[in-house]
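Everything on this sheet refers to the single structure shown next.
Start at 1 and go down the list; that is how both ligands and their atoms are numbered. Note that the structure is a prediction, hence the values are computed from the model and not measured.
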Amino acid sequence: MHTLVFATNNPHKAREVEQILGGQFQVKTLRDIGCLEEIEETESTLEGNALLKARYVKEKYGFDCFSEDTGLEVEVLNGAPGVHTARYAGASRDPDANIALLLANLEGKENRRARFRTSIALIFDGKETLLEGICEGRIATQKSGTGGFGYDPVFIPDGYGQTFAELGEDVKNKISHRAKAMFKFVNYVIH
Ligand code: IMP
């Protein structure tokens, strides 16, 4: 089985990706290859940050690898928090504080359209490729549900009346931004 390194130490993301790939690849995380240092996301776009992480692993550790960066883009906030999604409410990356700030910034706003956008950078057989997955939806007025992570308790994907956190991982991993980007990834790597 082909081994790919997923340049993340986020256990939620690693679990989602493993479920989406359904055992077709052996996936190792940064910890598995002994990369314990923090790779700073210093670029100004999701694509730039995804590439930066994948190149770092390829150059320093020599593995074929992929990395992803995800942002929440809210229409009425002109695409914010976007590349700043993780640190929206400050350096501590606290999901509760991030959600509280988002809800405060949307208070009284009728337009709650938002989308998650994932950029995956893949370095495979000596080539670099970028793949994108988008999930359109809206921001709820309050938190609901206990599943998922990050902004899942306030994100309602189009076609559903519940948040990702309420819908659970089986539904989320079929329709999410990350799932869509990973489906492209599987096609790319297999064909
Ligand atoms: P990063 O891609 O690890 O930099 O994450 C960016 C931010 O988006 C973090 O605050 C994550 O919690 C959040 N995030 C990434 N993916 C998801 C998701 O699938 N659902 C909810 N929040 C997410």
Side-chain angles (χ1 to χ4, degrees), residues 6-21 29-31 35 37-54 56-57 65-74 77 79-103 105-106 112 114-122 130-140 142-158 160 162-183 185:
F6 182 15
T8 189
N9 272 325
N10 180 330
H12 300 286
K13 287 186 180 179
R15 185 181 150 76
E16 284 188 6
V17 161
E18 262 167 16
Q19 205 200 9
I20 292 162
L21 288 176
T29 64
L30 293 178
R31 193 162 292 124
C35 173
E37 63 270 23
E38 168 106 356
I39 308 171
E40 284 292 331
E41 298 182 355
T42 50
E43 294 291 328
S44 58
T45 60
L46 299 177
E47 289 79 5
N49 282 329
L51 268 175
L52 175 152
K53 287 183 278 185
Y56 181 93
V57 171
C65 71
F66 65 100
S67 119
E68 67 97 77
D69 205 32
T70 295
L72 177 65
E73 300 174 338
V74 180
L77 303 178
V83 73
H84 305 294
T85 298
R87 296 158 197 252
Y88 192 35
S92 66
R93 303 171 179 230
D94 175 10
D96 291 329
N98 284 340
I99 288 177
L101 180 60
L102 179 65
L103 293 181
N105 286 341
L106 288 180
R112 304 186 75 90
R115 63 181 197 171
F116 273 116
R117 194 163 69 84
T118 290
S119 175
I120 289 182
L122 169 66
L130 281 170
L131 303 165
E132 185 180 69
I134 290 174
C135 183
E136 301 278 353
R138 63 184 197 277
I139 303 299
Q142 57 180 36
K143 289 203 275 186
S144 310
T146 54
F149 68 101
Y151 295 79
D152 282 345
V154 291
F155 186 82
I156 302 173
D158 281 354
Y160 293 83
Q162 290 178 300
T163 66
F164 267 155
E166 292 175 293
L167 290 168
E169 65 180 6
D170 284 349
V171 175
K172 181 182 176 191
N173 290 341
K174 285 195 181 79
I175 64 167
S176 80
H177 42 298
R178 191 166 298 103
K180 287 179 181 163
M182 288 305 295
F183 297 147
F185 171 99

re atom 6 (C) of ligand 1, the protein heavy-atom contact at minimum distance is Thr70 O, 3.2 Å
Just wondering, do Phe6 and Leu21 contact through their side chains at under 4.5 Å, heavy atoms? no
field: Any Arg87 heavy atom less than 4.0 Å from ligand 1
entry: no
Under 4.0 Å from one or more heavy atoms of Asp152, ligand 1 contributes atoms 18 (C), 20 (N), 21 (C)
The protein heavy atom nearest to atom 7 (C) of ligand 1 is Thr85 CG2, 3.4 Å
min-distance protein heavy atom vs atom 1 (P) of ligand 1 -> Lys13 NZ, 3.2 Å
Is it true that His12 lies under 4.0 Å from ligand 1, counting heavy atoms only?
-> no
Quick one: does Ser119's side chain get under 4.5 Å of Leu130's, heavy atoms only? yes
of all protein heavy atoms, closest to atom 12 (O) of ligand 1 is Gly150 CA, 3.4 Å
among protein heavy atoms, the one nearest atom 13 (C) of ligand 1 is Tyr151 CD1, 4.0 Å
To atom 15 (C) of ligand 1, the nearest of Lys53, Arg178, Arg117 on a heavy-atom basis is Arg178
Quiz item: Is there side-chain contact between Phe116 and Leu72, with heavy atoms separated by less than 4.5 Å?
Solution: yes
| N/O of Asp69 under 3.5 Å from N/O of ligand 1, yes or no? | yes
Phe116 heavy atoms within 4.0 Å reach ligand 1 at atoms 20 (N), 21 (C), 22 (N), 23 (C)
Value for NZ (Lys53) from SG (Cys35), rounded to nearest 0.5 Å, stands at 11.5 Å
Quiz item: For Leu52 and Asp69, what are the C-alpha separation, side-chain angles and deciding distance, and is it a side-chain contact (heavy atoms from CB on, under 4.5 Å)?
Solution: CA-CA 10 Å; Leu52 175 152; Asp69 205 32; over 6 Å; no
Per side-chain contact (heavy atoms from CB on, under 4.5 Å), Arg117 is matched among Lys180, Glu132, His177 by Glu132
The single option from Arg15, Arg178, Gln19 that satisfies side-chain hydrogen bond (donor to acceptor under 3.5 Å, both in side chains) with Asn173 is Gln19
Check: Between Arg93 and Glu41, does at least one N-O distance fall below 4.0 Å, as a salt bridge requires?
Finding: no
Query raised in the report: Does ligand 1 have an atom that lies less than 4.0 angstrom from a heavy atom of Asn10?
Result: no
Is the closest side-chain heavy-atom distance between Glu68 and Thr8 below 4.5 Å? no
Taken to the nearest 0.5 Å, the spacing of Asn98 CG from Leu103 CG works out to 11.0 Å
Quick look: Lys172 vs ligand 1, heavy-atom contacts under 4.0 Å, and the answer is side chain
A student checking ligand 1 against Ala86 at a 4.0 Å heavy-atom cut-off should list atoms 6 (C), 7 (C), 9 (C), 10 (O)
Restricting to heavy atoms, the pick from Phe164, Phe149, Tyr88 nearest atom 14 (N) of ligand 1 would be Phe149
Give a yes/no on ligand 1: does Glu68 have at least one heavy atom closer than 4.0 angstrom to it? yes
